[in-house]
Amino acid sequence: MDLLKNVFSLGLGAAAATKEQIEKAVDSLVKKGDISKEDSKVLVKQWVEKGEQAQKQLDESVKLKVTQALNNLNLATKEEVRELERRIVILEQQNQHTQQP
């Protein structure tokens with residue numbers, strides 16, 4: 001799953017960058033004189049928030065797609081398997097009672 005997450009993160013560009021990467025990029029802008037130190041703090045905060053939002057949206061999208069793919073495979077859920085196991089135990093118990101003399 002980490003590999004999948006990394007592949008998707010590559011497509012997000014700056015939005016998926018780590019806080020350290022964002023701070024480094026913004027510090028570069030400050031050194032060049034493109035933005036002030038105060039503005040850099042606001043910019044870092046905005047970019048980090050956008051990155052977190054993008055990651056959350058990506059996670060939700062991937063989760064939805066995986067769920068849809070699993071549903072299309074028509075596999076038994078854990079709950080369905082547990083219910084079948086419970087029914088088997090009951091049937092085995094009933095079978096034992098009917099076989100006793």
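These values consider heavy atoms only, across backbone and side chains, with no hydrogens, waters or symmetry-generated copies. For reference, positions follow the sequence shown, starting with 1.
Residues Leu75 and Val66 share a single hydrophobic cluster, defined by chaining ILVMFWY side chains whose heavy atoms lie under 4.5 Å apart. A single hydrophobic cluster is not seen to contain both Leu70 and Val81; linkage of ILVMFWY side chains at heavy-atom distances under 4.5 Å, directly or through other members, places them apart. A continuous path of hydrophobic side-chain contacts links Val62 to Leu73 [ILVMFWY only; heavy atoms under 4.5 Å].
Sorted by first and then second residue, the pairs that involve residues 68-84 and meet salt bridge (Lys or Arg N to Asp or Glu O under 4.0 Å), not counting sequence neighbours, are Glu83-Arg86.
With sequence neighbours left out, the side-chain hydrogen bond (donor to acceptor under 3.5 Å, both in side chains) criterion links Ser36 to Asp39. Partners of Asn95 by side-chain hydrogen bond (donor to acceptor under 3.5 Å, both in side chains), not counting sequence neighbours, listed by chain and number: Gln99. With sequence neighbours left out, the side-chain contact (heavy atoms from CB on, under 4.5 Å) criterion links Val42 to Gln46. Under the rule for a side-chain contact (heavy atoms from CB on, under 4.5 Å), the partners of Lys32 that lie at least two apart in sequence or sit in another chain are Ser28, Asp34. For Lys24, there are no salt bridge (Lys or Arg N to Asp or Glu O under 4.0 Å) partners, not counting sequence neighbours.
The main-chain N or O of Gln57 is never found under 3.5 Å from a side-chain atom of Ser61 such that the two would form a donor-acceptor pair. Looking only at distances, a side-chain donor or acceptor of Ser40 sits under 3.5 Å from a matching main-chain atom of Lys37.
A side-chain donor from one of Asp59 and Gln55 sits under 3.5 Å from a side-chain acceptor of the other.
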Quiz item: For Gln68 and Lys65, what are the C-alpha separation, side-chain angles and deciding distance, and is it a side chain to side chain contact (heavy atoms under 4.5 Å, CB included)?
Solution: CA-CA 5 Å; Gln68 288 173 343; Lys65 294 293 182 186; 3.8 Å; yes
